[in-house]
Amino acid sequence: MPVLEAAPRLLDAMFTHGGVTLRLTEVEAYDGADDPGSHAHRGRTERNKVMFGPPGHLYVYFTYGMHHCCNVSCGPEGSASAILLRAGEVVDGLDVARSRRPNSSDRDLARGPGRLCKVLGIDSGDDGLDLRESLRLGRPLDEVSTGPRVGLRLAADRPWRFWITSDPTVSRYVSAKPRTR
DNA sequence: GTGGGGATTTACT
DNA sequence: GTAAATCCCCACA
């Protein structure tokens, strides 16, 4: 399935990892074939090799010296496309989730890509994980919004961010912070 | 071997 | 609003 079709299908999907279940509310599509914003744009490397592999696997990367972000690889093998999981609502394993982010309100537990990985207990060791057992798609939604991607320097204007309209757990970093130059 | 930058979060003023 | 935290990866020499 092409990444731009698959991304909205992940909304409202159930993702279980590390004893916590999340209902996904916000994702972003990355298409390495012709996408300057993707890690895969400059070809296959040791870090992004999972994106070049078969669909349905977890691509985990470490950034800013302290955060992990996770993606679902997508499309036919070799296409290097992936979908970043940006936010979700904790629907099971709330006690575990709270213990991983002690000073957070329930609503903010997985509100952002770094936070999402934290509450699920995802780190580099989960890179390449097969998601067959842990990701359950829901029915296609009507209430889906799209808009520009967040936090990228390049090609941030492509409307490849998808979220569930009006959902309170969607991250509010809508207006990208201007980068100093 | 080295250097610049990053798909972010948090705290502080 | 702005700044600091913090380290791995990749490109280049």
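Just so it is clear: chains get the letters A, B, ... in the order the sequence lines come, proteins before strands, and each one is counted from 1.
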Is [X] salt-bridged to [Y], cutoff N-O under 4.0 Å?
X	Y	answer
A:R136	A:D12	no
A:R149	A:E28	no
A:K49	A:D127	no

A:Y61 (side chain) and B:dA7 (base): donor-acceptor pair under 3.5 Å |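 Indeed, a donor on one side and an acceptor on the other fall under 3.5 Å apart.
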Would A:S171 and A:E26 count as having a side-chain donor-acceptor pair, cut-off 3.5 Å?
->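 On atom types as modelled, these side chains qualify, holding a pair under 3.5 Å.
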A:Y59 versus A:H39, side-chain donor and acceptor atoms under 3.5 Å =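 Indeed, the side chains of A:H39 and A:Y59 share at least one donor-acceptor pair under 3.5 Å.
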Counting any heavy atom closer than 4.0 Å, what does A:N103 reach on the DNA or RNA strands: base, sugar-phosphate only, or nothing?
->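 Answer is nothing: A:N103 stays at 4.0 Å or more from every strand.
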Atom-to-atom span, [atom1] of [X] to [atom2] of [N] - whole angstrom:
X	N	atom1	atom2	value
A:L154	B:dG5	CG	C1'	11 Å
A:N71	B:dT8	CG	P	11 Å
A:H68	B:dT9	NE2	C1'	14 Å
A:M66	B:dA11	CE	P	12 Å
A:Y64	C:dC9	OH	P	16 Å
A:H67	C:dA5	NE2	P	13 Å
A:D127	B:dA7	CG	C1'	15 Å
A:H39	C:dC8	NE2	P	16 Å

What stems, by residue range, does DNA chain C take part in, given at least 3 consecutive Watson-Crick or G-U pairs under 3.5 Å?
->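 For DNA chain C the paired stretches long enough to count as stems (3 pairs minimum) are B:1-6 with C:7-12, B:8-12 with C:1-5.
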Closest to the A:F62 side chain, choosing from C:dC8, B:dT8, C:dA5 |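 Minimum distance to the A:F62 side chain belongs to C:dC8.
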Tell me which nucleotide among B:dA7, C:dC9, C:dT6 gets nearest to the side chain of A:L152.
->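 So the side chain of A:L152 is nearest to B:dA7.
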Would one find a side-chain N or O of [X] under 4.0 angstrom from OP1 or OP2 of [N]?
X	N	answer
A:T63	B:dA7	no
A:R161	B:dA7	no
A:R101	B:dT10	yes
A:R115	B:dT10	yes

Atom CZ of A:R42 with >12 non-hydrogen neighbours under 6.0 angstrom =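 Check fails, neighbour count at 12 or below.
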side-chain hydrogen bond (donor to acceptor under 3.5 Å, both in side chains) against A:N71, all qualifying residues, sequence neighbours excluded |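 With sequence neighbours excluded, A:N71 shows a side-chain hydrogen bond (donor to acceptor under 3.5 Å, both in side chains) to no residue whatsoever.
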